[in-house]
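Take a look at the structure below.
First the proteins, then the strands, lettered A, B, ... as listed; each starts at 1.
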Amino acid sequence: MSIRYNAAEAEPRWRAVWEREQIFRAVERPGAPKYYVLEMFPYPSGKIHIGHGRNYVMGDVVARFKRAQGFNVLHPMGWDAFGMPAENAAMEQKSHPRQWTEANIAAMKEQLRLLGLSIDWSREIATCDPAYYVQQQRIFLKMLNSGLAYRRESSVNWDPVDQTVLANEQVIDGRGWRSGALVETRKLTQWFLRITEFADELLDALKTLDRWPEKVRVMQENWIGRSEGLRFQFRVTNAPRPEAETIDVFTTRPDTIFGASFCALAPDHPVSLALAETDAPLADFIAECRRHGTSEAALETLEKKGFDTGLRVAHPFEEGETLPVYVANFVLMGYGTGAIFGCPAHDQRDLDFARKYKLPVRPVVVPVDVLPSDFEVADEAYTGDGRLANSHFLNGMSIAEAKAAVADRMEGAGIGERQIQFRLRDWGISRQRYWGCPIPVIHCEACGVVPVPEKDLPVRLPDDVTFDAPGNPLDRHPTWKNVACPDCGKPARRETDTMDTFVDSSWYFARFCSPHSDQIVDRAAVDYWLPVDQYIGGVEHAILHLLYARFYTRAMQRFGLVGEAEPFAGLFTQGMITHETYKDAAGHWLFPDEVEKGEDGKAVRKGTDEAVQIGPIEKMSKSKKNVVPPEAVASTYGVDCARWFMLSDTPPERDSEWTQAGVDGAWRFTQRVFRIVSENAADLPPRGAVGPNASSATALELRQATHRAIADVTADLEGFRFNRAVARIYELVNVLNGFKPAAADDKAALREALEALTLLIAPMTPHLAEECWRILGGEKLVALAQWPAADPELIRRDRVTIAVQVNGKRRGEIEIARDADEETVRGAALGLEAVTRAIGDNAIRKVVVVPNRIANIVVGEAKGA
RNA sequence: GCGGACGUGGCGGAACCGGUAGACGCAACGGACUUAAAAUCCGUUUCCCGUCAGGGAGUGAGGGUUCGAGUCCCUCCGUCCGCACCA
């Protein structure tokens, strides 16, 4: 009869023990090496599915591994609890955002506990808790005082029917997602945080983040987008009104000035707007541009369109030459000056535009090996290197020389200056929504913007709000909105915008260090724990969240709140879990557990013969119902099985598909480990009684396998290669499976191997490991046990197998002493029959020997030929 | 459109620094055990030709560098992520 591991019984039992012993509670121990592991905290959207779990399981493996290595580990969890879904639920289900959110948090917390995560729950925080957001309001006020927070006008997507601002994702084909109304661009006065003040620093410090993925650093670098260029002024020759007498442009290619054939203004450029006042067709064109929303992707994929304003500007160097001025839909007001000059020959966008409006295309940069007279630009702009041509005083110069020459002249003439421009814009944080952190200011007609005094903090969200009317409930809340001015006492009104939820997540990692402090943070605690040693989350946050957090940490450093400028020393971006999708005949999505698959791979609705269509494999999401709840796996297979499966096979940074076959495989593994341990346990020498010895060949082999596994798994966990660690453990288990102890030495070696196996799986399948540890007679808990060390003597291999190639093609292999000299390898290689056959009559030209790796015999044509 | 990544057997993937491609898992097939099934154990499994021996091809496509390329370079194709009010 086989021995079964009853996960459903064992797992809750061990979780109760961990909880009772409070072994995951983090306490600052000055002098002890610390390790702060953090997964990006979840938005409490409802129930979690197994797809959310991967992130936390990876973090938990790191936390448990580092704890075993002797680090004082901080592994906290909290809730990114403000955001739009709570308000959408309020509108659709008549639930209050707070109740909806709190219920979700309670449900999700239970689910996370089920996963067996080694989290210090005493540090739990929720961003919608006034105890959290009061500190966030304090930080905001510090920013306001220091000039890092300010107000200005900016454009938003406006839904005229719902009377609300729309997120870019809520604008679908230019229409509001709920109302279907055509979206307008509207100007609102909004709060901004001056992230651009740190642009250079945020860029430079990327170099120091050597434990971040290269791709994330590159993305941030491009996002910040530092470029050196020239800002200069065009004089308008036929200005109809005073505000249109000059046009300022910014360019990174001043060298191409003689190839300029037009100027283009952003639709909301002040000159465009001024001209539109007396030009109805232009006003219509601008209105049309505004219907395309504010997203960069939408603007850039649009067909390039322009409107000729009739204005002409003088070319700065060509006497008498003028260029037309267009308003163009692809020019962004938010970048540079909101106006450009177009050089079609050397910029693809400008070229498309010029072809459409039949503007001249004059090449001014010519590749060095081409004659200027032969060089033409057809459908593709030339952006490569070359020499200047058709450019008067620039002719013959390199691009760099020409850029400098133009800049010098413009600066000399007082019409331009060199400028460093960033793509990065200041961060607009105003949201016209209820469920967010209130911005703690009061607007007074007499005193202006007045910060809410410290004694009145926090500005709490009122609970008595309704969502039955369009717009922001705070804006129509009479008693909350209307207050006395703290300065002059006259009637004033509260700021009704709330903060972007990205603000909430920009400093929570610091709050976790002292989650119950009545200060923003406790300086001693942040000094001990920060930076986060390992941060784990999805790549989708590679730019915004991580950049905002880096900015906030710098701001907090400026205020003396923290000592570090960089919040995350190590970053890992994990992939999503995917699953097949299913639809019934009517086209409705089905949950995987509503579907049954037959032998032929065809699917039917469970318990019926109704055909189910199997759709593509996609990211697990509630909307497509391709989700698996953790409870379902836990109750039948155990969460360790789910954890093991999530770590197996697929590299952690890649998307991984959840399949029943994979779960079955993981389940077999957990059973197998348990069986090997329990079948052998009784027959082993007592723990610690006999030191492992290697006098028998079988014992030595097992010990070598054990120690290689220890070394490899340690390196793989260290390097975030969980799938490889899993493979190495399978290898050890395969060895153990066939191992029949004979001599006493074998049994001691077997004990060593089983204990090592238990310790190695402990970070990944912690409940199973506790059970095995108990069976093996281990003291205390495996969660508190020390990580095993590999003995270098047992890892070394004395003989190596090296491949022998003839002209790069493998013809055989030789087994030879490690580090054998070249002559020996050469002799052995040439002695192989297959090798001599492959050489045949050819002359040996050279033999390449790479020690312990390969021998390659290079042969030429036949001897004497 | 711009920016970033990825592409290896039937499937997920491994391959450290340019050095035996396919570790490990899944699936499939064959066998053992069993009254039978499940579970378990043993074996085979990149493809093509071949009974074997052996030979040939092969890491999205095409080219290049090298004694040697999955790995480096160029061009192309495909898939995925981000683009500032989703989190």
* **A:Tyr132 and A:Asp504: side chain donor to acceptor below 3.5 Å** => no

Can you list, pair by pair, the side-chain donor-acceptor contacts under 3.5 Å of residues 216-223 of chain A, counting residues two or more places apart and other chains?
from	atom 1	to	atom 2	distance (Å)
A:Arg217	NH2	A:Glu214	OE1	3.0
A:Gln220	OE1	A:Arg550	NH1	2.8
A:Gln220	NE2	A:Ala542	O	3.0
A:Asn222	ND2	A:Val218	O	3.3

* **Interatomic distance at P, B:rG58 relative to B:rG13, whole Å** => 24 Å

* Roughly how far apart, to the nearest Å, are B:rC16 and B:rC72 at atom P? -> 11 Å

For nucleotides 75-85 of chain B, list the nitrogen or oxygen atoms of the protein found under 3.5 Å from its nitrogen or oxygen atoms, one pair per line.
from	atom 1	to	atom 2	distance (Å)
B:rC83	O2'	A:Glu296	OE1	3.4
B:rA84	OP1	A:Asn168	ND2	3.4
B:rA84	OP2	A:Glu296	N	2.9
B:rA84	O5'	A:Asn168	ND2	3.2
B:rA84	O2'	A:Arg425	NH2	3.4
B:rA84	N6	A:Arg423	O	2.8
B:rA84	N1	A:Arg425	N	3.0
B:rC85	OP2	A:Arg431	NH2	3.2
B:rC85	O4'	A:Arg431	NE	3.2
B:rC85	O4'	A:Arg431	NH2	3.2
B:rC85	O2'	A:Leu166	O	3.2
B:rC85	O2'	A:Ala167	N	3.3
B:rC85	O2'	A:Asn168	N	2.9
B:rC85	O2	A:Arg433	NH2	2.7
B:rC85	N4	A:Gln190	OE1	3.1
B:rC85	N4	A:Gln190	NE2	3.4
B:rC85	N4	A:Ser430	O	3.4
B:rC85	N4	A:Gln432	OE1	3.2

* C1' atom, B:rU8 versus B:rC81: distance in rounded Å? -> 22 Å

* To do: For A:Thr581, enumerate each residue passing the side-chain hydrogen bond (donor to acceptor under 3.5 Å, both in side chains) test, keeping only those at least two apart in sequence or located in another chain.
  => none

* Given the side-chain rings of A:Tyr43 and A:Phe82, with only the six-membered ring counted for Trp, is the space between their centroids under 6.0 Å? -> no

Anything under 3.5 Å between a protein N or O and an N or O of nucleotides 18-29 of chain B, put it in a table, one pair a line.
from	atom 1	to	atom 2	distance (Å)
B:rU20	O2	A:Arg810	NE	3.1
B:rU20	O2	A:Arg810	NH2	3.2
B:rU20	O2	A:Glu813	OE1	3.2
B:rU20	O4	A:Thr801	O	3.2
B:rA23	O2'	A:Glu731	OE2	2.7
B:rA23	N3	A:Arg728	NH2	3.3
B:rG25	OP1	A:Asn734	ND2	3.2
B:rC26	OP1	A:Arg668	NH2	3.2
B:rA27	OP2	A:Arg668	NH2	3.3

* Compute whether any side-chain donor of one residue and acceptor of the other, for A:Asn88 and A:Glu92, lie under 3.5 angstrom apart. => no

* Over-ring placement of A:Arg152 relative to A:Phe192, 6.0 Å and 45° cut-offs -> yes

* Asked: Reckon A:Arg721 has a side-chain N or O less than 4.0 Å from the OP1 or OP2 of B:rC16?
  -> no

* Please state the C1' separation for the pair B:rA36 and B:rU46 - nearest whole angstrom. => 37 Å

* Asked: If we take the P atom in both B:rC33 and B:rC49, what is their distance in whole Å?
  -> 35 Å

* Would you say A:Asp162's side chain and A:Thr164's backbone share a donor-acceptor pair under 3.5 angstrom? -> no

* Does a side chain donor of either A:Gln660 or A:Asp664 reach within less than 3.5 Å of an acceptor in the other side chain? -> yes

* Between A:Asp500 and A:Trp427: side-chain donor-acceptor atoms closer than 3.5 Å -> yes

* Asked: Taking the same atom, C1', in B:rA14 and in B:rC41, what whole-Å distance lies between them?
  -> 26 Å

* Watson-Crick or G-U wobble partner of B:rA28, both distances under 3.5 Å -> B:rU44

Donor-acceptor contacts under 3.5 Å from residues 729-737 of chain A side chains, at least two apart:
from	atom 1	to	atom 2	distance (Å)
A:Tyr730	OH	A:Trp644	NE1	3.3
A:Glu731	OE1	A:Arg728	NE	2.9
A:Asn734	OD1	A:Arg672	NH2	2.9
A:Asn734	ND2	A:Tyr730	O	3.4

* P gap between B:rU71 and B:rC17, integer Å -> 14 Å

* For B:rC67, the Watson-Crick or wobble partner whose two distances fall under 3.5 Å -> B:rG19

All N/O contacts under 3.5 Å from nucleotides 48-55 of chain B to the protein, with atom names and distances to one decimal?
from	atom 1	to	atom 2	distance (Å)
B:rG55	OP1	A:Arg837	NH1	3.4

* Just checking, is any N or O donor in the side chain of A:Ser154 or A:Gln190 under 3.5 Å from an acceptor N or O on the other one? -> yes

* Structure fact -> Taking a pair to mean Watson-Crick or G-U wobble geometry with both distances below 3.5 Å, B:rG7 pairs with B:rC77

* What do the steps show when you test A:Leu166 against A:Trp177 for side chain to side chain contact (heavy atoms under 4.5 Å, CB included), and what is the final call? -> CA-CA 9 Å; A:Leu166 297 177; A:Trp177 67 331; 4.3 Å; yes

* Rounded interatomic separation in angstrom, taking CG from A:Asn222 and P from B:rG1 -> 17 Å

* Asked: What interatomic distance, in whole Å, is found between C1' of B:rU59 and the corresponding atom of B:rC6?
  -> 14 Å

